[in-house]
Amino acid sequence: MAMKKMGSAFKRFCMQFCCCCCAEDEDDEEEKQPFVTPDPLDYFTREVQKRRDEETNLWSEPGDPSHSERDDDRTLYTLLQARNMTRVGSTGYRRLSVDIEAMRDTRREVRDKWKTVLENLGFMAEADSLLTVSAGASADRMRNAPAARAMLHTLHTETSIFCTKEPPPERYLFILDRLLYLDIAEDFLAKAKRFYPPNDDSDEEMPGLAINLPLLLARVEAMNGRGNDDDEEEDESEKDD
């Protein structure tokens, strides 16, 4: 009985502190089977596509998987979903593509401004990585969240580094947190004020960059309601030609 208890205790010790075979149970065949993912290549393909989509769409709220917390993210996501359900090459598909690219261009314009300032500060090789924010970004992991938010507000109100007067994208909050950690945030702010001074209230927003979100959503809803009719009309016009 004592030997049995000792053997049991030794086995528990091995299982906790040792990764050797002495802790295995001969009857436990399932534990002997190596854990292999069903399709590792499929997993990595999805991850690569996910990263590519993140960099293409530059979500304002990168940590929001539903893309519904901000109006601009929700509008872009709705446009993308609507295009996925629209016949490729149709008039509706082309219209949606134009609207999608207009929103993406606005986001790329802001990112390019940030990259210009970083490169001017000497971070030519590091600019892209500093500006990359993944979907796993979380405010809980930020080191200087209050200071980063205060600086984001200053950039929004005292420079024209953002193309619209809408609330600045939260993704740049994480970037500023990195710059604060690297002790270059103040230098970045000074350069941004110099390169992109605030526009006068009388100045119009940059042409092509003002996005009417309610209008876009209304257009998508209308197209969803008459999408099939448009496709049928196109097919008929092609036959007539």
Passes side-chain contact (heavy atoms from CB on, under 4.5 Å), D72 versus T106? Steps please. CA-CA 11 Å; D72 55 345; T106 302; over 6 Å; no

Worked verdict on T132 versus I175 for side-chain contact (heavy atoms from CB on, under 4.5 Å): CA-CA 8 Å; T132 299; I175 296 170; over 6 Å; no

Verdict with supporting geometry, E186 and M151, side-chain contact (heavy atoms from CB on, under 4.5 Å): CA-CA 9 Å; E186 292 294 338; M151 189 163 289; 3.5 Å; yes

Please determine whether side-chain contact (heavy atoms from CB on, under 4.5 Å) holds for the pair I184 and F123, giving the CA-CA distance in whole Å, both sets of side-chain angles, and the decisive distance to 0.1 Å. CA-CA 11 Å; I184 59 171; F123 294 91; 3.6 Å; yes

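Although no hydrogens or angles enter the test, the distance criterion places a donor-acceptor pair under 3.5 Å between the side chain of R94 and the main chain of G89. Within the 3.5 Å criterion, the main-chain N or O of P62 finds no donor-acceptor partner in the side chain of R171. In terms of modelled atom types and a separation under 3.5 Å, the side chain of S160 and the main chain of P197 share a donor-acceptor contact. One N or O on the side chain of D73 and one on the backbone of S60 form a donor-acceptor pair closer than 3.5 Å. Not a single donor-acceptor pair under 3.5 Å links the side chain of D105 to the backbone N or O of E109.
Taking the charged nitrogens against the carboxylate oxygens, R149 and E170 do have a contact shorter than 4.0 Å, which makes a salt bridge.
In the hydrophobic clustering of this structure, L179 groups with F174; members are Ile, Leu, Val, Met, Phe, Trp, Tyr whose side-chain heavy atoms approach within less than 4.5 Å, directly or through other members. Both F162 and L189 are assigned to one and the same hydrophobic cluster, defined by single-linkage of ILVMFWY side chains at heavy-atom distances under 4.5 Å.
Residue D112 places its CG atom among more than 12 non-hydrogen atoms of other residues, nucleotides or ligands, all under 6.0 Å distant. More than 12 heavy atoms of other residues, nucleotides or ligands sit less than 6.0 Å from atom CZ of R104.
Side-chain contact between L118 and F188 is present, with at least one heavy-atom pair separated by less than 4.5 Å. Inter-residue side-chain proximity for L182 and L130 is flagged as met; some heavy-atom pair is nearer than 4.5 Å. The shortest side-chain heavy-atom distance between L131 and K115 falls under the 4.5 Å cut-off. For the pair K193/T154, a side-chain contact is recorded, criterion being any heavy-atom separation below 4.5 Å from C-beta on. Counting heavy atoms from C-beta outward, W114 and L176 have side chains that approach closer than 4.5 Å. Side chains of T159 and F195 form no contact here, defined as non-hydrogen atoms less than 4.5 Å apart. The side-chain heavy atoms of E55 and R108, taken from C-beta on, include no pair separated by under 4.5 Å. E54 has its side chain within reach of S134: a pair of non-hydrogen atoms, C-beta onward, lies under 4.5 Å apart.
In summary, the side chains of R83 and S97 do present a donor paired with an acceptor at a separation below 3.5 Å, with no hydrogens or angles considered. Between the side chains of N57 and R107, no donor N or O sits under 3.5 Å from an acceptor N or O.
Ring geometry for H67 versus Y77: interplanar angle of 30 to 60°, hence tilted.
Summarising the geometry of R70 relative to P168, their closest heavy-atom pair is NH1-O, 3.1 Å, with the distance given to 0.1 Å. Smallest separation of non-hydrogen atoms from S90 and R87: OG-O, 2.7 Å. Taking each heavy atom of E69 and R74 in turn, the nearest pair found is C-NH1, 4.5 Å. V133 approaches R178 most closely through the heavy-atom pair CA-NH2, 4.1 Å. Closest heavy-atom contact between P198 and E158: CD-O, 3.2 Å. The shortest non-hydrogen separation linking P169 to L152 is O-CD2, 4.1 Å.
Here R111 contributes atom CZ and Y172 contributes atom OH; the two are 7.0 Å apart, rounded to the nearest 0.5 Å. How far CE of M103 is from CG of L80: 9.0 Å, rounded to the nearest 0.5 Å. With rounding to the nearest 0.5 Å, the separation of OG1 in T86 from CG in L79 is 10.0 Å. Note: T56 OG1 to L76 CG = 10.5 Å, rounded to the nearest 0.5 Å.
Under the side chain to side chain contact (heavy atoms under 4.5 Å, CB included) criterion, N144 pairs with A147, D177, L180, not counting sequence neighbours.
The cationic group of K113 lies under 6.0 Å from the six-membered ring centre of Y196 and within 45° of the ring axis, placing it in a cation-pi geometry.
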